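Since the model is a prediction, treat every value here as computed from it, not as a measurement.
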Amino acid sequence: YLSMRTLVAKSVGLVTSLGSGIPIGKEGPFVHMASILGHQMSLLLTNINSMYLNESRTSELLAAACAVGVSSNFAAPIGGVLFSIEVTSTYFAVRNYWRGFFAAVCSAFVFRLMSFFIKDEATITTLFTTHFRVDFPFDLQELVVFTCIGVCCGV
């Protein structure tokens with residue numbers, strides 16, 4: 001399930017299903033494709049340097065790949081790291097936080113660059129559009145309520 005053949009089949013299936021307008025989620029396929037690329041990269045690095053024969057290095061690379069899959073899909077690096085913590089293992093080493101976060105930030109940055117250069121296509125589509133003001137994201141009443149909630153939760 002982590003072979004190049006699976007990657008090609010997953011890519012073709014995702015492109016054709018999203019292109020046809022079928023309302024499916026793309027987070028799962030993106031995470032799977034990022035994990036496949038991470039696994040293939042670990043195989044390539046194993047051929048170059050024997051340090052990557054270690055199973056913990058492979059799991060670290062897969063955890064970072066999961067974070068990249070979510071982050072490249074939603075442009076949310078912290079959400080990608082939290083998803084990789086939740087999914088990859090029961091024990092998550094602290095050193096993997098920064099590796100996953102760095103990889104997720106890089107993928108979110110590339111996502112934003114691509115959405116900047118390709119202005120004709122919508123990168124994130126909304127189901128329900130709103131007409132909120134964009135000059136200041138919060139009203140004064142909301143800030144008072146947010147402050148009260150913060151004080152109550154802080155005590």
Side-chain angles (χ1 to χ4, degrees), residues 1-49 51-119 121-130 132 134 137-138 142 145-146 149-150 152-154:
Y1 64 95
L2 292 175
S3 66
M4 287 302 286
R5 183 177 169 192
T6 306
L7 177 66
V8 170
K10 183 75 71 167
S11 300
V12 169
L14 184 65
V15 167
T16 55
S17 62
L18 288 177
S20 68
I22 297 174
I24 60 169
K26 54 185 175 177
E27 176 187 349
F30 266 87
V31 170
H32 191 200
M33 288 189 302
S35 298
I36 291 171
L37 289 174
H39 178 70
Q40 294 298 321
M41 191 180 302
S42 72
L43 292 178
L44 178 69
L45 290 175
T46 302
N47 293 337
I48 295 171
N49 191 353
M51 178 180 74
Y52 290 95
L53 283 172
N54 191 353
E55 185 64 31
S56 82
R57 292 279 183 186
T58 304
S59 66
E60 290 172 5
L61 197 56
L62 284 176
C66 285
V68 165
V70 172
S71 177
S72 65
N73 199 11
F74 297 118
I78 296 174
V81 172
L82 292 175
F83 180 79
S84 70
I85 291 168
E86 178 185 352
V87 169
T88 54
S89 65
T90 56
Y91 172 74
F92 199 81
V94 175
R95 67 179 178 267
N96 292 345
Y97 290 138
W98 293 109
R99 293 173 182 166
F101 183 72
F102 179 73
V105 165
C106 289
S107 68
F109 180 70
V110 169
F111 179 84
R112 291 291 182 189
L113 279 178
M114 289 179 66
S115 67
F116 176 74
F117 289 121
I118 305 170
K119 295 180 182 177
E121 299 294 325
T123 56
I124 299 176
T125 59
T126 58
L127 186 59
F128 301 108
T129 58
T130 60
F132 294 137
V134 292
F138 301 110
E142 292 176 333
V145 172
F146 294 157
I149 290 172
C152 291
C153 291

Under the rule for side-chain contact (heavy atoms from CB on, under 4.5 Å), what residues qualify as partners of E27, not counting sequence neighbours? V31, V70, N73, F74, F83
So, does S84 use its side chain to make a donor-acceptor pair with the main chain of A67 at under 3.5 Å?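 Pair absent, no side-chain N/O of S84 close to backbone of A67.
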Any donor-acceptor N/O pair, S42 side chain to H39 backbone, under 3.5 Å: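 Answer holds: yes.
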Counting only heavy atoms not in I24, do more than 12 sit closer than 6.0 Å to its CD1 atom?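 Counting neighbours around CD1 of I24, more than 12 heavy atoms of other residues, nucleotides or ligands fall under 6.0 Å, so yes.
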Report the distance from atom [atom1] of [X] to atom [atom2] of [Y], rounding to the nearest 0.5 Å.
X: L43; Y: L61; atom1: CG; atom2: CG; value: 10.0 Å
X: S72; Y: F109; atom1: OG; atom2: CZ; value: 15.0 Å
X: L62; Y: L37; atom1: CG; atom2: CG; value: 11.0 Å
X: H32; Y: K10; atom1: NE2; atom2: NZ; value: 5.0 Å
X: F30; Y: C66; atom1: CZ; atom2: SG; value: 14.0 Å
X: Q40; Y: T6; atom1: CD; atom2: OG1; value: 9.0 Å

Which heavy-atom pair separates A104 from S71 by the least distance, and what is that distance?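 Reported closest heavy-atom pair: O-OG, 2.6 Å.
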Just by distance, no angles: are the side chains of S20 and S17 close enough, under 3.5 Å, to form a donor-acceptor pair?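 Absent: no donor and acceptor within the cut-off.
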